[in-house]
Amino acid sequence: MTDFDEQVMGFLHQVKKLVPDKDAQRRMTKEGADVLRDRLQQETRHKHYDEKHYIPKKYRGRNIKHLADSIASDDKNINGEADGSSLVGFQGVKESGVNHARIARFINDGTKKMRGDHFVEHTREDNAKEVFSAIAEKYRKDVEP
């Protein structure tokens, strides 16, 4: 019976080497988040970018970014903790001068008077393989022996 126990423990030891720690997870998910951020910026520019975008009177004089220029990624979760996950999203008032997340939600989901085009979901779905490939490539470089 000890032979079987030694085999199982040897197997678990081998598997444990392949599980990334939190720092490796952060680097891996950040790589995928950067790919998604770039694709989302391209899609937003393609569908919603206007070089002469109108700035409402109440916002004039402020440094207002366009929606496509306000997409960011971070290697922390929504609470700011480094737990191995990463975020991609639109910046808020402090970073871009206006709440672009709110505007993106209206454009994406639609309103009572405007039909949504779901560009965020489509970008996420269309580029899922590229995001996963970036994460897998980073895993191969950092974790695999």
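This chain uses plain numbering: 1 for the first residue, then up along the sequence.
Classification of Glu31 and Arg27 as a salt-bridged pair fails, no side-chain N sitting under 4.0 Å from a carboxylate O. Arg140 has a carboxylate O that lies under 4.0 Å from a charged side-chain N of Glu137, or vice versa, which qualifies the two as a salt bridge. Glu81 has no carboxylate O lying under 4.0 Å from a charged side-chain N of Lys76, or vice versa, which leaves the two without a salt bridge.
With contacts defined as side-chain heavy-atom distances shorter than 4.5 Å, the pair Phe90/Ile103 does not qualify. Residues Arg45 and Asp69 are in side-chain contact: their nearest non-hydrogen atoms beyond the backbone lie under 4.5 Å apart.
Nearest heavy atom pair, residue Glu130 against residue Arg39, reads OE1-NE, 2.6 Å. Listed here is the closest heavy atom pair of Ala72 and Gln91: CB-NE2, 3.8 Å. The minimum heavy-atom distance linking Thr29 with Gly84 is given by the pair OG1-O, 3.0 Å.
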- Item | Pair Val98-Val93, side-chain contact (heavy atoms from CB on, under 4.5 Å): steps then yes or no | CA-CA 4 Å; Val98 79; Val93 177; 5.9 Å; no
- Under the side-chain contact (heavy atoms from CB on, under 4.5 Å) rule, what do Lys22 and Arg26 come out as? Steps first, then yes or no, please. CA-CA 6 Å; Lys22 284 189 181 181; Arg26 276 180 57 196; 5.6 Å; no
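Put simply, the side chain of Asn77 gets close to the backbone of Asn79: a donor and an acceptor are under 3.5 Å apart. Checked by atom type and distance alone, the side chain of Tyr139 pairs as donor or acceptor with a backbone atom of Leu18 at under 3.5 Å. No donor-acceptor pair closer than 3.5 Å links the side chain of Asn108 to the backbone N or O of Ala104. Not one N or O on the side chain of Thr44 forms a donor-acceptor pair closer than 3.5 Å with the backbone of Ala68. No side-chain donor-acceptor contact under 3.5 Å links Ser86 to the backbone of Ala33.
Of the inter-residue distances, the one linking Leu40 atom CG with Asn127 atom CG reads 9.0 Å to the nearest 0.5 angstrom. Between Ile107 atom CD1 and Arg102 atom CZ the span is 11.5 Å, to the nearest 0.5 Å. Atoms CD and CG, from Glu121 and Asp126 in turn, are 11.0 Å apart once rounded to the nearest 0.5 Å. One finds the CD1 atom of Ile71 at 10.0 Å from the CD atom of Gln42 (value rounded to the nearest 0.5 Å). Gln25 CD to Asp83 CG: the interatomic distance, rounded to the nearest 0.5 Å, is 8.0 Å. If you take OG on Ser85 and CE on Met28, they are separated by 12.0 Å, rounding to the nearest 0.5 Å.
Side chain to side chain, Ser73 and Asp34 meet the donor-acceptor criterion of an N or O pair below 3.5 Å.
Follow the hydrophobic side-chain contacts under 4.5 Å out from Met9 and you reach Phe4 in the same cluster.
In Lys47, the NZ atom is crowded: over 12 heavy atoms of neighbouring residues, nucleotides or ligands sit closer than 6.0 Å. Leu12 CG: more than 12 foreign heavy atoms inside a 6.0 Å radius.
Pairs passing the ring-ring contact (aromatic ring centres under 6.0 Å, His included) check and including a residue from residues 113-132, sequence neighbours excluded, read His48-Phe119.
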